[in-house]
Amino acid sequence: MILLDGFAVANERNLALKQLTDEHLRKGERLPKLAIILIGDNPASLSYVKGKGKACAVAGILHELHHLPEDTKQENVAALIETLNQDSTVDGMILQLPIPRHLDEEVLINLIKKEKDADGFHVINQGNLYQKRPTIEPATPKGIMTLLAHYDIKISGLNAVIVGRSNIVGFPVARLLMDQGATITVCHRQTKDLGFHTRQADLLVVASGKPHLVTKDMVKEGAIVVDVGVNRVDGKLIGDVDFDEVKDICSYITPVPKGVGPMTINALLENTYKLYLSHSKEA
Ligand code: NAP
């Protein structure tokens, strides 16, 4: 079994970004900047935001955190997004999810200018993805594809099974894998006999948010397993795949933590840099 070491690969790529941003600095140009909007004090979100800030520092990308109280009104978040949309020093912007329930996530995400949508969640950017047009790819699917490519895993012809169909992980990762020639099955809560489908997978991507949903008996020998899930159970972070059992029968597997998580952050930074380059061209 080969561990898909997202932590090491992401770090290497963040350092490569640093070389690029250093070069802009040497030329007297401004640095890319990511604005992060965090609403409330969800401990997992606080920790993700901290990780994003740290990675920005490694990559030479500026970041600013806008931390708003839990009871912030929709119009106040909208006003902040509009200010950041107008701020020419901000290249990328993200709204850290989940947001409090009284706020309309879909509306707020789509208020972020698509040219600053570093997470690739804007409806136009997602539409472009589904029509195979140039776009900003959603960070987690992009990070997964980058990780597979780093290990030289050929996607074409594989039976890929994805557990989860969310707009930010399952559905777009299915699209990206299909574009690279995989044959796709997407499973969800209405899927009958999940194990039947997962056992057909040469490549299994699990993004259900259900701790240890996938056990050894649900995985084909030699499969490539990508575990997107992050679940805190008894103070420990665990994935949607029972890593200890499954690692012995698969060919490749991502750990949790230090698998898909750091790759997602790296993809976010690479998206921010891409947006920065397009803004610099326009200036
Ligand atoms: P989500 O929006 O809650 O979607 C979960 C998906 O899994 C849904 O499509 C759901 O089906 C499906 N599902 C849930 N239980 C299932 C079951 N028992 N059998 C089959 N399908 C099932 O979650 P998400 O935002 O996609 O995130 C998924 C997980 O990835 C979470 O643990 C999240 O924390 C993690 N995540 C990690 C990263 C990272 O960087 N590592 C990034 C994003 C998300 P229905 O559609 O039928 O409800």
Side-chain angles (χ1 to χ4, degrees), residues 3-7 9-11 13-14 36 42-55 94-99 101 105-106 109 118-121 126 129 137-148 160-177 184-201 204-215 217-219 225-233 236-243 253-271:
L3 197 72
L4 297 169
D5 189 346
F7 183 75
V9 176
N11 197 42
R13 294 181 72 90
N14 291 341
I36 302 172
N42 176 326
S45 295
L46 285 165
S47 145
Y48 289 139
V49 162
K50 207 169 142 195
K52 287 171 187 177
K54 264 193 188 167
I94 61 165
L95 181 62
Q96 182 65 46
L97 301 178
I99 58 175
R101 291 164 71 100
E105 177 182 308
E106 199 185 324
I109 280 175
D119 257 337
F121 293 167
Q126 293 234 332
L129 177 83
E137 290 174 354
T140 301
K142 177 182 162 99
I144 292 170
M145 299 307 288
T146 304
L147 187 61
L148 295 172
V161 177
I162 297 108
V163 183
R165 56 177 166 182
S166 73
N167 279 339
I168 64 172
V169 189
F171 196 31
V173 89
R175 174 78 231 192
L176 293 175
L177 290 168
I184 303 298
T185 303
V186 178
C187 303
H188 42 74
R189 278 185 294 180
Q190 277 104 52
T191 300
K192 287 182 186 152
D193 196 354
L194 182 63
F196 166 80
H197 294 283
T198 58
R199 277 189 294 275
Q200 315 302 314
L204 178 61
V205 180
V206 190
S208 66
K210 296 284 172 295
H212 288 187
L213 174 68
V214 171
T215 47
D217 56 304
M218 295 165 75
V219 178
V225 180
V226 175
D227 187 355
V228 185
V230 181
N231 311 285
R232 188 170 286 279
V233 177
K236 214 179 138 209
L237 287 185
I238 63 168
D240 292 354
V241 175
D242 189 336
F243 180 89
I253 188 167
T254 57
V256 177
K258 299 196 173 182
V260 173
M263 291 305 297
T264 295
I265 297 180
N266 168 256
L268 169 69
L269 303 193
E270 293 192 355
N271 280 347

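Residues take their numbers from the sequence shown, with the count starting at 1. Given the structure is predicted, the values throughout are model-derived calculations rather than measurements. Both ligands and their constituent atoms are indexed starting at 1 by order of listing.
Pairing each heavy atom of Val256 with each of Ile238, the nearest pair is CG1-C, 3.7 Å. Annotation for Ile265 and Gly51: closest pair CD1-C, 4.0 Å, computed over non-hydrogen atoms. Across all their heavy atoms, Cys187 and His197 have their closest contact at SG-CB, 3.7 Å.
Listed by number with element, the atoms of ligand 1 under 4.0 Å from a non-hydrogen atom of Val163 are 20 (C), 21 (N).
Under the 3.5 Å distance criterion, with hydrogens and angles disregarded, a donor-acceptor pair is assigned to the side chains of Asp240 and Asn231. No hydrogens or angles considered: nothing links the side chains of Gln126 and Arg175 as a donor-acceptor pair under 3.5 Å.
Remark: Phe171 CZ is loosely packed, at most 12 non-hydrogen atoms of other residues, nucleotides or ligands lying under 6.0 Å away.
Here the side chains of Ile184 and Leu177 are in contact, with some heavy-atom distance below 4.5 Å. In this structure the side chain of Leu268 reaches within 4.5 angstrom of the side chain of Asp119, judged on heavy atoms. Side-chain atoms of Leu194 and Leu213, non-hydrogen and from C-beta on, do get closer than 4.5 Å to each other.
If you check each of Pro172, Ala207, Gly170, Ala267 against atom 6 (C) of ligand 1, the one with the closest non-hydrogen atom is Ala207.
One distance of note links NZ of Lys52 with CG of Leu269; it measures 9.5 Å at 0.5 Å rounding.
Not one N or O of Val169 is nearer than 3.5 Å to an N or O of ligand 1, by distance alone. In terms of polar-atom proximity, Ser166 is counted as a contact of ligand 1, with an N or O under 3.5 Å from an N or O of the ligand. Looking at ligand 1, you won't find any N or O of Gln190 less than 3.5 Å from one of its N or O atoms. Close N/O approach between Thr264 and ligand 1 is found [any backbone or side-chain N/O within under 3.5 Å].
Among the candidates Ile162, Val219, Asp227, the single residue satisfying the side-chain contact (heavy atoms from CB on, under 4.5 Å) test with Leu204 is Val219. Exactly one residue among Val241, Val228, Val163 makes a side-chain contact (heavy atoms from CB on, under 4.5 Å) with Ser208. That residue is Val163.
Under the 4.0 Å distance rule, the nearest protein heavy atom to atom 3 (O) of ligand 1 falls outside the cut-off.
Ranking protein heavy atoms by distance to atom 35 (C) of ligand 1, first place goes to Val228 O, 3.5 Å. In this structure, the protein non-hydrogen atom closest to atom 20 (C) of ligand 1 is His188 O, 3.2 Å. Counting only heavy atoms of the protein, atom 25 (O) of ligand 1 lies nearest to Ile168 CD1, 3.6 Å. Of the protein's non-hydrogen atoms, the one nearest atom 29 (C) of ligand 1 is Gly209 N, 3.6 Å. Protein heavy atom in closest approach to atom 42 (C) of ligand 1: Thr140 OG1, 3.2 Å. Protein heavy atom closest to atom 22 (C) of ligand 1, with residue, atom name and distance, is Arg189 CG, 3.6 Å. In this structure, atom 7 (O) of ligand 1 lies nearest to the protein heavy atom Ser208 CA, 3.2 Å. Scanning the protein for heavy atoms near atom 12 (C) of ligand 1, the closest one is Gly164 CA, 3.9 Å.
Residue contacts with ligand 1 for Arg165 involve both N, CA, C or O and side-chain atoms from C-beta outward (heavy atoms, distance under 4.0 Å). With a heavy-atom cut-off of 4.0 Å, Thr191 does not touch ligand 1 at all. Residue contacts with ligand 1, taken as heavy atom pairs separated by less than 4.0 Å, involve Leu213 solely via side-chain atoms from C-beta onward. Contacts with ligand 1 closer than 4.0 Å are made by heavy atoms of both the backbone and the side chain of Val230.
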